[in-house]
Amino acid sequence: MIDEGDYDYIIIGAGTAGCVLANRLTADGKTRVLLLEAGGSDRYHWVQIPVGYLYCIGNPRTDWLMKTAPEPGLNGRSLAYPRGKVLGGCSSVNGMIYMRGQAADYDHWRQLGNTGWGWGDVLPYFRRSEDHCDGETPLHGKGGEWRVERQRLTWDILRAVQEGAKEFGIQPRADFNDGSNEGSGFFEVNQSRGRRWNTARGFLQPALRRGNLRLVTHALVRRITLDGRRATGVEWLADNQPRSARAGAEVILAAGAINSPKLLELSGIGQADRLSGLGIKVAHDLPAVGENLQDHLQIRTVFKVSGTRTLNDMVGSLTGKARIALQYALTRSGPMSMAPSQFGMFTKSNPDRETPDLEYHVQPLSTDRLGDPLHPFSAITVSVCNLRPTSVGHVHATTTAPEVQPEIRLNYLSTGEDRRVAITSIRQARQIMTARALDRYRPEEWLPGAGFDTDEALAQRAGDIATTIFHPVGTCRMGADDSSVVDPELRLRGIRGLRVADASIMPRIVSGNTASPVVMIAERAADFLRART
């Protein structure tokens, strides 16, 4: 075992949260921090070019290449489950959408006993990180590390969808991030002048100029070391050599909602019977580790259109592709600057809902599934996801080998409520596409297919075509109760000197995309740690 020395803090994971933590904890120039990342550098052109997410997902250079267990609710399908394996983590491969969720999400966390996590508590942390293109306001920040800009292209067909949605009561909204995202609008994105802005670029790069931060990439963590009920350090593999380091203050686990619970289990923290069955010595019986897995399942409805150009048409020839590349090279705009989704809508599956429970991602393109070639006809995709799924799954290690992915079981569409919302959302998407404002484009349903009309048929079809939108959370649940994994200051229950700070701590999934809430969680964790010292 190679001894790599002593530090104040060791951060496991240089992903969305880890980069933020590394920046904040080293800001005094004195606190010694070791940052461990299993992936490599984010200096890869497909990370920097926004449309490059298509080439990062499924790429072993940038993706863990995980898969879910076969899902009965998806008619036995197993889904590819992309997770960032690169500096910046999922912020290097995601859709770049800047979204906080709804004020009610965080107020609910507080009502669950998580003092200090209501909307009024977390808003200053969102503002602290933010560098918004419109400058500082009571709701938005200026000068932070997390750049937020408007997208650099427009599509006539998407503006027509917005006009059509108004006919069904979905009104345009100027800001999705003021605490109530009901309505329609064009997503703001984490980009700077047409390039992806990940947490590695925003937070980590400036911090690496400090002498008190050490970054180790290609470091596969084996376990957190313990002395009784105290975390003392970390063991990892690098260059095929086992290595270790000690943390004088705390170890911070920021490996994400999939890998954080796995690493706790490999360290002997989790369900005692499960760990014993794997031959892992039980250090602390904590049954909630790996449970409470939640995600947003999206149903991709596709409509052929006429009388307008979509991305399908633009990439249908070498000339079209060349024009797109030239536009990006000259202006950093056009389709290569695209986020996966440009236009969104938040609305209710039932008028009785207090706040929207559906999110639409509308795209001027279509394909059978992400990564496949675009269709050879003009079409748009109207994806819709249930923001508050009642189906809950789990993540658990299946072996002591750190390189093996855990079992990921989401239990999608396993409740009657989730199946009802799925059926309602397909019908609602169809209704929106009948709007008079869209008549001139003559929408024609391609997916799920006009022949599927009964509730039974639509439920079956949802299982055929639904897929993840890559928002796993909740597997190291925060709570005030003793059965939670971490307390409201993110300290692991029953183990001193160990905290978790990533999407896994969310007690309930937020009503929107998850990257910026994770940045906020890391900001909160940094304050907790600095208050400790």
- Output yes when a side-chain donor or acceptor of Arg83 lies under 3.5 Å from a complementary backbone atom of Phe470, and no otherwise. yes
- Message: With a 3.5 Å distance limit and no angle check, can you tell me whether Asn23 reaches the backbone of Val20 through a side-chain donor-acceptor pair?
- Response: no
- Item | Minimum heavy-atom distance Glu130-Leu139, with the two atoms named | OE1-O, 4.1 Å
- Query: Would Asn198 and Asp42 count as having a side-chain donor-acceptor pair, cut-off 3.5 Å?
  - Reply: yes
- Neighbour count above 12 (heavy atom, 6.0 Å) for Arg323 CZ: no
- Message: Donor-acceptor check, side chain of Arg461 to backbone of Pro448, threshold 3.5 angstrom: yes or no?
- Response: yes
- Message: Before you tell me yes or no, could you show the steps for Ser511 and Arg388 under side-chain hydrogen bond (donor to acceptor under 3.5 Å, both in side chains), namely the whole-Å CA-CA distance, both residues' side-chain angles and the distance that decides it to 0.1 Å?
- Response: CA-CA 7 Å; Ser511 301; Arg388 299 196 198 95; 3.3 Å; yes
- Message: Please verify the inter-ring angle class for Phe187 with Phe346; under 30° counts as parallel, over 60° as perpendicular, anything in between as tilted.
- Response: perpendicular
- Item | N/O donor-acceptor pair under 3.5 Å between Glu71 side chain and Asn411 backbone | yes
- State whether Trp117 and Arg524 meet the cation-pi test: NZ (Lys) or CZ (Arg) under 6.0 Å from the six-membered ring centroid, and within 45° of the perpendicular axis. yes
- Query: For Asp156, does the CG atom sit with more than 12 other heavy atoms under 6.0 Å from it, leaving out its own atoms?
  - Reply: no
- Query: Would you say the side chain of Cys90 lies within less than 4.5 Å of the side chain of His471, judging by non-hydrogen atoms?
  - Reply: no
- Query: Does CG in Leu330 sit with more than 12 non-hydrogen atoms of other residues, nucleotides or ligands closer than 6.0 Å?
  - Reply: yes
- Asn59 side-chain N/O to Tyr55 backbone N/O, donor-acceptor pair under 3.5 Å: yes
- How about Ser383 and Gln298: does a side-chain donor come under 3.5 Å of a side-chain acceptor? yes
- Message: With a 3.5 Å distance limit and no angle check, can you tell me whether Arg196 reaches the backbone of Ser92 through a side-chain donor-acceptor pair?
- Response: yes
- Distance only, no hydrogens: is a donor on one side chain within 3.5 Å (strictly under) of an acceptor on the other, for Asp372 and Thr367? no
- For Tyr360 and Gln428, does a side-chain donor sit closer than 3.5 Å to a side-chain acceptor? yes
- Backbone N or O of Ala255 within a donor-acceptor pair of the Asp502 side chain at under 3.5 Å? yes
- Between the main-chain N or O of Pro507 and the side-chain N or O of Gln294, is there a donor-acceptor pair closer than 3.5 Å? yes
- Task: Would you name the heavy atoms of Leu153 and Ser337 that are closest together and state the gap between them?
- Result: CD2-OG, 4.0 Å
- Query: Is Lys321 close to Ile324 at the side-chain level, that is, under 4.5 Å between some pair of heavy atoms?
  - Reply: no
- Query: Between Thr16 and Thr199, do the side chains contain an N or O donor and an N or O acceptor separated by less than 3.5 Å?
  - Reply: no
- Message: Any carboxylate oxygen within less than 4.0 angstrom of a Lys/Arg side-chain nitrogen, looking at Lys262 and Glu403?
- Response: no
- Task: Consider only side-chain N and O atoms of Thr217 and Glu37, and report whether a donor and an acceptor are under 3.5 Å apart.
- Result: no
- Other residues, nucleotides, ligands: >12 heavy atoms within 6.0 Å of Arg427 CZ: yes
- Looking at Trp64 versus Tyr81, is the centre-to-centre ring distance below 6.0 Å? no
- Quick one: sort the Phe126 and Trp119 rings into parallel, tilted or perpendicular, breaks at 30° and 60°. tilted
- Query: Counting only N and O atoms by type, is there a donor-acceptor contact under 3.5 Å from the side chain of Ser192 to the main-chain atoms of Arg195?
  - Reply: no
- Message: Parallel, tilted or perpendicular, judged at 30° and 60°: which one describes the rings of His396 and His394?
- Response: tilted
- Using the side-chain hydrogen bond (donor to acceptor under 3.5 Å, both in side chains) rule, pick out the option among Gln363, Gln151, Glu359 that qualifies with Ser341. Gln363
